[in-house]
Protein chains: 2
Amino acid sequence: MLGILLYEDNDSLRESLGNLLALSKDLLLLGSFSRASGVLDQVRELKPEVILMDIDMPGTNGIEAVRQVRTIDKKVQIIMLTIFDDNRHVLDAICAGASGYLLKKHLSDHLPDAIRQVMQGEPPMSPGIARMIIQKMQEPAMKPAAPDYGLTTREKEILTQLSKGKGLKMIAADLAISLDTVRTHIKNIYEKLQVHSQAEAVSKALNDGLV
Amino acid sequence: MLGILLYEDNDSLRESLGNLLALSKDLLLLGSFSRASGVLDQVRELKPEVILMDIDMPGTNGIEAVRQVRTIDKKVQIIMLTIFDDNRHVLDAICAGASGYLLKKHLSDHLPDAIRQVMQGEPPMSPGIARMIIQKMQEPAMKPAAPDYGLTTREKEILTQLSKGKGLKMIAADLAISLDTVRTHIKNIYEKLQVHSQAEAVSKALNDGLV
DNA sequence: CCGTTGCTCCCCTGATTTCGGTATAGGAAG
DNA sequence: CTTCCTATACCGAAATCAGGGGAGCAACGG
């Protein structure tokens with residue numbers, strides 16, 4: 001039995017989708033909403049396996065909602081519902097963490113199948129989307145956003161140690177320098193990376209591939 | 001008129017592909033080769049719009065050839081030819097810079113169309129490939145023994161905030177809970193992750209894909 | 001009903017970190 | 001030779017964090 005959440009601002013469509021889902025005995029609609037503003041609480045509360053999310057909604061849009069959900073749950077499968085198939089929003093949604101997408105005009109035919117499909121790790125996806133994905137993949141590959149910052153060798157070294165959980169004291173010992181020197185380096189790192197804590201520095205370093 | 005280069009190690013297939021291309025008046029086969037070892041010089045010399053590249057070739061394989069070509073020409077469209085559709089090589093080829101991908105058994109039907117298609121920025125792509133791409137995109141590093149630890153939703157949420165550089169105080173404000181509660185959660189996180197600092201917790205979370 | 005779990009809140013102490021300075025020696029660059 | 005950069009070192013105040021304790025409450029399952 002798959003628990004499902006539905007977000008769709010069009011009342012009649014939302015209702016008919018609910019009816020459609022009710023026809024499948026292995027699908028259970030845990031809740032349906034016209035706005036995504038409460039999505040975090042709802043996901044926490046209802047723990048769905050699948051979320052059906054309209055892209056265009058007043059207030060919190062579907063893409064932002066996906067992003068939010070992904071911050072608290074990396075496993076729930078999210079299927080986007082949309083009326084456009086050549087919309088860049090679809091791509092954004094995929095990048096935000098959506099698992100698949102369906103055109104609204106095809107919903108009645110494919111929805112239940114698509115849900116089962118997505119649970120088996122085979123995202124429903126129209127051919128047009130694949131193209132956009134490929135292109136997106138190849139562009140950013142050339143633009144690895146080389147954020148070098150001006151980090152010196154010593155600073156990178158200290159950043160690496162930090163990411164391993166070493167305290168300043170231990171780093172000083174390992175590098176055979178004074179605790180105060182380590183402090184100075186870290187101050188400089190903060191300055192260069194525009195951060196103000198170890199945690200953020202480590203996060204930035206890891207995300208930008210500096211270590 | 002589109003200039004085309006063909007790389008295919010099977011002699012008879014290479015010949016029949018050449019004949020196939022000759023049937024289309026808007027396509028011009030600039031050259032065909034059984035090995036990709038000279039691809040760089042040939043691209044420089046013949047300046048093709050499109051390259052048809054077999055994946056499996058003796059010597060320099062098709063994927064490596066793509067990588068090389070991309071270092072000197074970012075605009076030429078490259079279509080991979082292969083007999084397998086569920087092969088990880090396909091994904092590698094895409095990452096290396098291939099624009100599209102065709103199964104050999106479908107060549108005779110689709111090749112001329114595919115070439116025109118790719119020139120219009122619409123990479124030909126069999127449906128199964130699209131799925132592979134999406135999945136690879138979304139689960140880039142899930143393979144190395146995804147350690148779950150017993151982190152609760154709330155704890156993951158706080159870990160995420162930490163990695164953004166938020167201080168405990170700010171996290172408390174954002175989540176509308178007390179500072180002490182945040183500290184309790186963090187204490188539990190440390191316990192579960194077996195770490196002793198924010199930096200190490202963030203590092204571990206990022207490396208193990210928990211956030 | 002009881003035990004467990006997740007989330008919440010509180011207190012305390014000592015250690016650590018942040019951040020503001022200042023400063024010297026050596027090397028690279030101008 | 002002077003300037004800039006890097007690494008080094010020190011001081012001190014203020015803020016934050018780690019680690020220890022205890023406790024209430026709601027939900028869930030046996």
Side-chain angles (χ1 to χ4, degrees), chain A residues 1 3 28 30-31 38 40-48 71-76 148-205 210, chain B residues 148-205 210-211:
Chain A
M1 184 70 93
L28 175 62
L30 300 174
L40 283 185
D41 288 337
Q42 287 145 10
V43 168
R44 263 194 289 262
E45 175 95 8
L46 301 168
K47 303 187 190 311
T71 67
I72 64 165
D73 188 329
K74 309 195 85 59
K75 285 192 304 188
V76 62
D148 223 49
Y149 307 98
L151 291 186
T152 69
T153 306
R154 203 54 156 177
E155 285 160 354
K156 284 182 201 165
E157 203 169 352
I158 288 182
L159 211 39
T160 303
Q161 305 280 317
L162 272 183
S163 75
K164 289 180 186 164
K166 307 276 190 75
L168 306 207
K169 207 186 302 181
M170 212 174 302
I171 296 178
D174 278 18
L175 300 184
I177 57 181
S178 133
L179 175 61
D180 286 296
T181 303
V182 178
R183 270 205 264 268
T184 302
H185 285 312
I186 290 186
K187 277 190 283 193
N188 294 331
I189 293 173
Y190 287 171
E191 175 67 25
K192 289 176 181 175
L193 260 51
Q194 289 289 290
V195 299
H196 50 286
S197 77
Q198 284 187 20
E200 195 178 4
V202 168
S203 170
K204 197 154 195 165
L210 273 62
Chain B
D148 227 67
Y149 305 99
L151 290 187
T152 69
T153 304
R154 204 53 155 176
E155 286 160 355
K156 285 181 202 165
E157 211 166 348
I158 288 183
L159 212 37
T160 303
Q161 306 278 316
L162 272 183
S163 75
K164 288 179 184 163
K166 308 274 188 75
L168 306 206
K169 208 186 294 184
M170 210 175 302
I171 296 178
D174 278 17
L175 300 183
I177 58 181
S178 136
L179 175 60
D180 284 296
T181 303
V182 177
R183 303 213 290 141
T184 303
H185 284 309
I186 289 186
K187 277 189 276 193
N188 293 332
I189 292 173
Y190 286 172
E191 175 67 24
K192 289 177 180 174
L193 260 51
Q194 289 287 291
V195 298
H196 318 78
S197 76
Q198 284 188 22
E200 195 178 2
V202 167
S203 171
K204 196 152 195 166
L210 274 68
V211 289

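Put simply, the residue from D73(A), I72(A), V43(A) that forms a side chain to side chain contact (heavy atoms under 4.5 Å, CB included) with T153(B) is I72(A).
Within the 4.5 Å cutoff, the side chain of I186(A) has heavy atoms near those of the L162(A) side chain. Between L193(A) and L159(A), some side-chain heavy-atom pair lies under the 4.5 Å cut-off. Side-chain contact between V202(A) and Q198(B) is absent, with no heavy-atom pair separated by less than 4.5 Å. Residues L30(A) and E45(A) form no side-chain contact, since every pair of their non-hydrogen atoms from C-beta on lies 4.5 Å or further apart.
Terminal axes of the helix from dC1(C)-dG30(D) to dG30(C)-dC1(D) (five pairs each, C1' rotation axis) are separated by 60°, to the nearest 10°.
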Please tabulate, one pair per line, each protein N/O and nucleotide N/O from nucleotides 16-19 of chain D that are separated by under 3.5 Å, including the distance.
unit_1	atom_1	unit_2	atom_2	d
dT16(D)	OP1	K169(B)	NZ	2.9
dT16(D)	OP2	K169(B)	NZ	2.6
dC17(D)	OP1	L168(B)	N	3.4
dC17(D)	OP1	Q198(B)	NE2	3.3
dA18(D)	OP1	Y190(B)	OH	2.2
dA18(D)	OP1	Q198(B)	N	3.4
dA18(D)	OP2	Y190(B)	OH	3.4
dA18(D)	N7	R183(B)	NH1	3.1
dA18(D)	N6	R183(B)	NH1	2.8
dG19(D)	O6	R183(B)	NH1	3.2
dG19(D)	O6	R183(B)	NH2	3.3

Please list each protein N or O that sits under 3.5 Å from an N or O in nucleotides 24-30 of chain C, with the distance.
none

Filtered N/O pairs between nucleotides 5-8 of chain D and protein, under 3.5 Å:
unit_1	atom_1	unit_2	atom_2	d
dA7(D)	OP1	T152(A)	OG1	3.1
dA7(D)	OP1	R154(A)	N	3.2
dA7(D)	OP2	T152(A)	OG1	2.6
dT8(D)	OP1	R154(A)	NE	3.4
dT8(D)	OP1	R154(A)	NH2	2.7
dT8(D)	OP2	R154(A)	NE	3.1
dT8(D)	OP2	H185(A)	NE2	2.8

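Closest heavy-atom contact between Y190(A) and A201(A): CE2-CB, 4.0 Å.
Contacts classified as salt bridge (charged side-chain N to carboxylate O under 4.0 Å, His left out) and involving residues 178-196 of chain B (residues at least two apart or in different chains) are given here: E155(B)-K192(B), D180(B)-R183(B).
From T160(A), atom OG1 reaches atom NZ of K166(A) across 10.0 Å, with rounding to the nearest 0.5 Å. Note that the NZ atom of K169(B) and the CG atom of L179(B) stand 8.0 Å from one another [nearest 0.5 Å]. To the nearest 0.5 Å, atom NZ of residue K204(B) and atom OG of residue S163(A) are 12.5 Å apart. Rounding to the nearest 0.5 Å places CD of E200(B) at 11.0 Å from NZ of K164(A).
By the side-chain contact (heavy atoms from CB on, under 4.5 Å) test, L175(B) pairs with R154(B), E157(B), I158(B), I171(B), I177(B), sequence neighbours left out.
The main-chain N or O of A199(B) is never found under 3.5 Å from a side-chain atom of S203(B) such that the two would form a donor-acceptor pair.
A straight line from CD of E191(B) to C1' of dG6(C) spans 15 Å, rounded to a whole angstrom. Taking atom CG of residue D180(B) and atom C1' of nucleotide dC7(C), one finds them 13 Å apart after rounding to whole Å. Put simply, CD1 on I72(A) is 11 Å from P on dC7(C), counting in whole angstrom units.
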